[in-house]
Amino acid sequence: MSSKPKMDAETGKTDQANQASVSVWERIVSIEAAESREYFSRELLVWYDRSKRDLPWRRHRDPYFIWVSEIMLQQTRVDTVIPYFHRFIERFPTIRDLAEALQEDVVKMWEGLGYYSRARNLQAAAQQIVELHDGEMPSEREHVFALKGVGPYTAGAILSIAFNQPEPAVDGNVMRVLSRYFLIEDDIAKPKTRIGMEKIIPGLIPEGRASDFNQALMELGALICTPKSPHCLICPVMEHCRGRIEGMERELPIKTKAKKPRPEQRLAILLEGSGEHEGRVLVRRRPKTGLLASMWEIPHVAAAGEDLGVDVAQLEELLEDRGLVWSPMTAYMTAEHTFSHIHWTMKVLIAREQPEVLAQLAAESGVPYKVAVPESALEPELRFDAEDSGEEWRWVSREDMREIAFPNLFSHILNTYFADEETRAK
DNA sequence: AATCCGGGGAC
DNA sequence: GTCCCAGGATT
């Protein structure tokens with residue numbers, strides 16, 4: 001039996017660290033750690049009472065406001081959320097207003113925030129609340145948890161912040177703060193670690209102060225205990241922070257890295273309308289499920305890579321299927337966009353719709369343009385998939401863009417185009 | 001447990 | 001460029 005610590009092949013941690021990490025939660029709730037816990041909770045609240053930010057959703061303890069803000073704040077910064085929050089509450093002042101709104105309008109209010117299923121789930125949950133709880137946010141754990149789009153974090157946030165119940169609300173900030181203060185070396189990417197934190201938090205919450213305590217924890221993570229270079233010198237709990245004492249604050253929390261987004265080349269077409277479509281461009285709505293569900297975009301195809309001609313042919317087929325005829329396509333711009341799991345490099349071509357007379361001439365002369373089969377002529381069973389998928393096409397002007405929601409990438413392309421148009425007109 | 005789902009700011 | 005963020009649903 002060796003007395004030297006051995007490295008574990010799996011975790012890279014020493015036996016000693018492993019010994020500590022398997023019982024890390026017990027260590028934190030132990031009698032010996034009582035002083036450290038009480039110090040933490042006490043000083044954190046003193047600091048919060050003095051330094052908390054004046055945020056719109058902190059001005060009332062309205063469960064609806066708390067809920068909307070928490071959904072918006074998922075993976076999104078406070079500064080980004082504030083203007084969205086004001087507009088959203090102004091447009092949908094109560095849960096009932098939200099429940100009765102058109103989904104189009106709800107998603108439009110979310111345009112640019114990302115993770116659009118949050119908006120749809122929010123409205124679905126509002127409808128649940130109207131049907132099951134007479135339009136009032138429930139305060140029972142199982143009822144809150146049953147709401148669409150409400151998981152462990154958001155349920156805990158609503159119950160603690162709005163109803164002052166001693167429930168944990170563990171997000172990335174909380175895991176970072178606790179990892180450092182209690183020197184927890186578990187991987188915060190693992191659900192198990194979050195569950196461990198949820199278990200110790202009720203024991204940290206001072207009597208009657210669940211709302212402030214949970215907000216204080218997140219506030220500390222946002223303002224002081226920041227990811228890259230924490231401001232330990234001005235931290236209210238630095239004296240007993242084991243991460244800082246061991247010089248580990250920059251190494252914590254431990255988190256396995258996410259995979260790189262896979263690259264995808266795409267080819268898009270910005271088709272300018274002519275005749276009755278003058279001043280507008282062709283857009284389509286994405287399918288109801290999957291990436292950017294139900295959002296609008298300019299038409300694009302996955303590029304095969306090697307041969308641009310093959311990709312252009314795909315685009316042409318797409319337009320031919322709509323019965324469209326167009327002038328030669330030319331390069332317009334290239335745009336990049338990164339999702340959490342995909343990186344798009346999008347080449348945008350531009351072309352102009354040809355008036356019907358020219359279209360007919362083209363058709364008669366034979367070769368250049370195919371005459372597309374009108375969609376109405378297709379067999380019903382062949383049309384079903386397209387309709388069921390939610391795909392839809394239309395011509396939009398700059399003004400129309402106010403009514404329908406585009407992902408940022410396409411907003412950017414279209415805004416660039418319409419700005420160019422205005423310049424050209426002068 | 002792994003993957004899918006946006007976007008922006010800090011560094 | 002890289003990392004990270006006031007996560008949840010789906011499989």
Side-chain angles (χ1 to χ4, degrees), chain A residues 52-53 55-58 65-85 107 110-122 124-125 144-158 160-161 168-177 187-195 197-198 214-223 225-231 250 252-263 286-295 297 335-344 405-412:
Chain A
K52 65 180 169 192
R53 290 170 291 180
L55 301 175
W57 45 90
R58 284 185 179 159
F65 293 178
I66 305 289
W67 172 40
V68 170
S69 72
E70 290 302 338
I71 299 294
M72 286 186 170
L73 286 164
Q74 287 169 12
Q75 312 293 304
T76 311
R77 289 190 160 64
V78 167
D79 290 343
T80 306
V81 164
I82 288 175
Y84 279 93
F85 179 80
V107 175
W110 213 268
E111 183 183 42
L113 261 186
Y115 286 122
Y116 298 96
S117 65
R118 289 186 296 174
R120 283 184 287 271
N121 286 336
L122 190 66
V144 174
F145 215 97
L147 298 173
K148 287 229 171 17
V150 175
Y153 166 73
T154 310
I158 293 171
S160 63
I161 298 175
V170 178
D171 66 357
N173 264 329
V174 172
M175 289 197 280
R176 185 172 60 253
V177 169
D187 183 355
I188 64 165
K190 304 235 183 278
K192 209 172 166 183
T193 306
R194 190 204 75 230
I195 292 169
M197 303 221 177
E198 287 172 345
N214 277 345
Q215 292 184 79
L217 217 40
M218 294 187 267
E219 195 85 336
L220 190 74
L223 300 181
C225 199
T226 49
K228 292 290 183 187
S229 46
H231 306 96
R250 284 168 181 271
L252 295 170
I254 307 292
K255 186 179 183 182
T256 54
K257 288 183 181 124
K259 285 195 309 186
K260 268 193 192 165
R262 65 173 182 274
R286 295 180 61 86
K288 287 175 185 168
T289 57
L291 186 69
L292 300 171
S294 297
M295 303 289 285
E297 64 182 6
E336 308 265 344
H337 188 74
T338 309
F339 303 92
S340 42
H341 56 304
I342 308 172
H343 180 86
W344 276 354
F406 292 90
N408 276 8
L409 169 64
F410 299 104
S411 295
H412 170 66

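Basis for what follows: all heavy atoms, side chains included, without hydrogens, waters or symmetry-related copies. Keep in mind it's a predicted model, so treat the numbers as computed, not measured. Below, chains carry the letters A, B, ... as their sequence lines are ordered, and counting in each starts from 1.
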Sugar-phosphate only, base, or nothing, as touched by A/I71 at under 4.0 Å among non-hydrogen atoms: nothing
Distance, nearest 0.5 Å, that separates CD of A/Q75 from CG of A/D171: 9.0 Å
Candidates C/dA6, B/dG7, B/dA1 - which lies nearest the side chain of A/P191: B/dA1
Least distance between heavy atoms, A/T256 atom then A/A189 atom: OG1-CB, 3.4 Å
Pull out every protein N or O sitting under 3.5 Å from an N or O of nucleotides 9-11 of chain C, one pair per line with the distance.
unit_1: C/dA9; atom_1: OP1; unit_2: A/G149; atom_2: N; d: 2.8

Among A/L223, A/V177, A/V170, A/I161, the one residue meeting side chain to side chain contact (heavy atoms under 4.5 Å, CB included) with A/M218: A/I161
Which nucleotide in B/dG7, C/dA6, C/dG7 has an atom nearest any side-chain atom of A/P407: B/dG7
C/dA6 and B/dC4, which share atom name P, separated by this distance in whole Å: 24 Å
Touch class at under 4.0 angstrom, heavy-atom based, for A/T154 against every strand present: sugar-phosphate
Atom-pair distance (CE on A/M72; C1' on C/dA6), nearest Å: 13 Å
Interatomic distance, A/I158 CD1 vs C/dA6 C1' [rounded to whole Å]: 12 Å
Sugar-phosphate only, base, or nothing, as touched by A/R176 at under 4.0 Å among non-hydrogen atoms: sugar-phosphate
Euclidean distance, atom CZ of residue A/R53 to atom P of C/dA6 [Å, nearest integer]: 9 Å
A/W344 CH2 - B/dG6 P separation (whole Å): 9 Å
Along DNA chain B (nearest heavy atom to each residue), the more 5'-positioned of A/Y116 and A/K192: A/K192
Short side-chain donor-acceptor distance under 3.5 Å, A/Q74 and A/Y153: no
Side chain A/Y115 and base B/dG6 donor-acceptor under 3.5 Å: yes
Rounded distance [0.5 Å steps], CD in A/E198 versus OG1 in A/T193: 11.0 Å
Sugar-phosphate, base or nothing in reach of A/G290, heavy atoms under 4.0 Å: sugar-phosphate
Touch class at under 4.0 angstrom, heavy-atom based, for A/R250 against every strand present: nothing
Nearest-Å distance for atom pair CD1/P, residues A/I342 and B/dG6: 9 Å
Length of the CG-C1' vector between A/N173 and C/dC4, whole Å: 10 Å
d(CH2, A/W57; C1', C/dA6) in whole Å: 9 Å
C/dT11 to B/dG6 separation - P atoms, rounded to the nearest Å: 16 Å
Shortest non-hydrogen contact between A/R120 and A/S294, atoms and distance: NH1-CB, 4.0 Å
A/F145 side, atom CZ; A/I158 side, atom CD1 - distance, nearest 0.5 Å: 11.0 Å
Separation of A/H337 NE2 from A/N408 CG (nearest 0.5 Å): 7.0 Å
Sugar-phosphate, base or nothing in reach of A/L55, heavy atoms under 4.0 Å: base
Separation of atom CG in A/L220 from atom P in C/dA6, rounded to whole Å: 12 Å
A/N214 versus A/S160, closest heavy-atom pair with distance: ND2-OG, 2.9 Å
Distance-only polar pair, side chains of A/N121 and A/R118, donor-acceptor under 3.5 Å: no
All N/O contacts under 3.5 Å from nucleotides 8-11 of chain B to the protein, with atom names and distances to one decimal?
unit_1: B/dG8; atom_1: OP1; unit_2: A/N408; atom_2: ND2; d: 2.4
unit_1: B/dG8; atom_1: OP2; unit_2: A/N408; atom_2: ND2; d: 3.0
unit_1: B/dG8; atom_1: N2; unit_2: A/R77; atom_2: NH1; d: 3.3

Under-4.0 Å side-chain N/O to phosphate OP1/OP2 contact, A/Q74 with C/dA6: no
Sub-6.0 Å ring centroid separation between A/Y115 and A/W110: no
